[in-house]
Amino acid sequence: MTMEQERLIPTSESITVEFKSDHKSPLGEKELVLAAICLANNQGGDLYLGVEDDGAVTGLHPSRDRTKDLAAVIASRTNPPLSISATTLQEGGRELIWFQVPPIQGSVFSNDGKALIRALDAKGKPICRPMSAVDVLRRANQQREVDWSGLPAAGATVADLNSAERDRLQAVVKRHRGEASLLELGNEELDLALGLVVQGADGSLMPTHAGLLLMGHEAPLRRCIPGHEVGFQVLQGTEVRVNRFLRGPLLAVVDEISQRLEPFMQEQELEVGLFRVPIPNLPSSCFRESFINALAHRDYTALAPVTVQWNLTEGMTISNPGGFVRGVTLSNLLTAPPRSRNPVLADALKRIGLAERTGRGVDRIFEGLLEVGRSAPSYARSTDDDIVVELSTRPANLQLVALWQDYQQRQGQPLGLLSLLVLHLLHEQRKLTAEQLSEQLQRDPTLVRRHVEQLLEGDLVAGQGQGRGRAYTLSKRVYAAFDQADAYRQQASLSPEEIDRRILELAARGEALRRKDVLEALSGLESRQATYALQRLCSQGRLIPFGSGKGRRYQLPP
């Protein structure tokens, strides 16, 4: 790329856009408008005009008209008008423009009806492609403007509903202690109460998408909801033990997969004092909540299956098409108010007792795994297009479970989710202050501090320092349970503030920073600590990431 060219690239991690210029003229306003539309139709983000892909600043094209208000140009050429901010910056003696594109409700188009949205090309590189009518519906569904599951299924009639599945539904209500009042309703009243049918203008009943998914015959399901499919696989090394794909109604699918899963469920017992504590290889509540969440909140307009894959030596992975709905992110999974892409379907699953009624199913998944001495569930592989949760089934840390049980017997109450999350964060990041814990947990600092002090009294956590700078680590006996006594001694000299300060000093030298550079420069720092520190600095806006995988780099913001 020559210095005469002018480039437009976004630095948001969610999208990469590239428009080529003709080497002789500045980037056209049309391309600029389309790039802003593409970013707005995802999650918003930042665009820099005059910056290379690798972060090098090449500056604005010499012939660009600096007097033109490009933010106003974008607003005047988009429908609805896209309100963005444009800031001129100076970096290394060169001029560039920083555009801040906000997330929007609905979809935005150019005045001539064009719209772009993020996608991946054949090589997995993010690109911008034209939006389709399905994309617009999918986006409205994701932003909770339209409830697809409550809409009538085109071409379906009440004859497409299977009375045997209604019997199964009523059996689920009894088995899982759903709303008992549902059992007192007649068939038509039950279907209307759960939103499985709606009444047309002529008074006739029409099945909704939720109705077909819960009680439909397989043939109309395939015809009206072609994206519905569930895959179940069990792997042992390279051997495939089970490989089954199902397209029937949801309750029948849940029953069949639960039966196929049962032979692989195992349990061991741990003696703690006078008590025997069962330790399953996979808590059934964790699987059920994860699986039902995938079925309830997936994007049924996407032609892709929900997949349950259990590698018997590693763990279970459950994936479903459709990213997080608006308002839910990786960082606020445990604190965001319950939201669903398919409210009618999700509500029906809650009322019949199959889903967690308070909408806090994710809490139960975290708590279920942590209290049996396993790693927290990971959603790190989730993208804009898929939600992926990984549930560890590796051997449980029985020493940790014994500590949790001992604490419970001494205190007269279980640890609870928040305390388990505090201990998990301290294990992952080694040393944190109460403020840092509350920020990452998105909980009230006073509440977090109270839990931490209770853990301190229970000898599960150790404190260092006084006042606002007081930091916490796992106690010596907890590190001993992890067989990491040396790690406990190392934490006394390396605080999170010190780690952040030294990383920023490295970045200030001017060269793009790699995680490897951080590990080499900070003696005694562990790989996970470096990863979390870099993520923390990026979330605070003190570093800007670019690249991916082993080529990921970090630099100070302009």
Side-chain angles (χ1 to χ4, degrees), residues 1-3 5-20 35 38-39 42-60 87 89-101 118 120-121 123-128 329-331 378 380-384 428-429 440 494 496-558:
M1 186 64 62
T2 65
M3 295 294 290
Q5 287 180 272
E6 183 181 63
R7 298 289 304 281
L8 169 66
I9 65 167
T11 58
S12 168
E13 291 187 68
S14 63
I15 182 172
T16 299
V17 187
E18 179 177 328
F19 289 97
K20 297 180 180 179
C38 184
L39 196 54
N42 288 275
Q43 301 298 325
D46 297 331
L47 293 166
Y48 286 92
L49 188 61
V51 182
E52 293 290 336
D53 288 335
D54 61 3
V57 177
T58 53
L60 300 178
T87 306
L89 303 174
Q90 293 290 333
E91 180 69 19
R94 294 189 174 92
E95 189 177 13
L96 63 147
I97 301 177
W98 171 31
F99 299 95
Q100 292 176 287
V101 183
R118 177 190 180 275
L120 299 176
D121 64 12
K123 297 181 179 179
K125 179 181 178 182
I127 60 172
C128 284
T329 65
L330 282 174
S331 61
S378 172
R381 288 172 51 194
S382 299
T383 67
D384 292 344
E428 292 290 324
Q429 302 186 43
Q440 295 193 44
L494 206 58
E497 293 80 3
E498 178 67 11
I499 295 172
D500 291 355
R501 183 185 66 79
R502 293 173 66 178
I503 289 177
L504 293 174
E505 286 180 353
L506 288 174
R509 295 177 182 176
E511 297 182 0
L513 196 64
R514 302 169 299 174
R515 191 182 68 155
K516 178 181 177 183
D517 300 328
V518 174
L519 291 171
E520 291 176 352
L522 277 69
S523 177
L525 191 69
E526 296 184 6
S527 177
R528 283 185 298 184
Q529 284 178 287
T531 299
Y532 280 112
L534 290 167
Q535 290 175 348
R536 182 168 63 244
L537 291 169
C538 290
S539 67
Q540 296 170 356
R542 301 167 74 184
L543 286 180
I544 291 180
F546 58 93
S548 60
K550 293 183 178 180
R552 196 161 185 76
R553 300 287 192 276
Y554 304 86
Q555 65 182 22
L556 296 174

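What you see is a predicted model, and the numbers here were worked out from it, not measured in a lab.
- The heavy-atom pair separating Leu506 from Asp517 by the smallest distance is CD1-O, 4.2 Å.
- Minimum heavy-atom separation, Gly541 to Pro557: O-CG, 3.6 Å.
- In plain terms, the two heavy atoms of Ala533 and Asp500 that are nearest each other are CB-OD1, 4.1 Å.
- Interatomic distance, Leu96 CG to Thr87 OG1, rounded to the nearest 0.5 Å: 10.0 Å.
- You'll find the side chain of Leu556 reaches within 4.5 Å of the side chain of Leu543, heavy atoms only.
- The CZ atom of Arg501 sits 12.5 Å away from atom CG of Leu537, with the distance rounded to the nearest 0.5 Å.
- Once rounded to the nearest 0.5 Å, the distance linking CG of Leu89 with CG of Leu60 reads 10.0 Å.
- For the atom pair CG of Leu513 and CD1 of Ile544, the computed distance is 13.5 Å after rounding to the nearest 0.5 Å.
- Nearest heavy atom pair, residue Val518 against residue Ala530, reads CG1-CB, 4.1 Å.
- Atoms CG and CZ, on Leu39 and Phe99 in that order, are 12.0 Å from each other to the nearest 0.5 Å.
- Going from atom CD1 of Ile503 over to atom CZ of Arg536 covers 7.5 Å, rounded to the nearest 0.5 Å.
- For the pair Arg552 and Arg514, the minimum side-chain heavy-atom distance is 4.5 Å or more.
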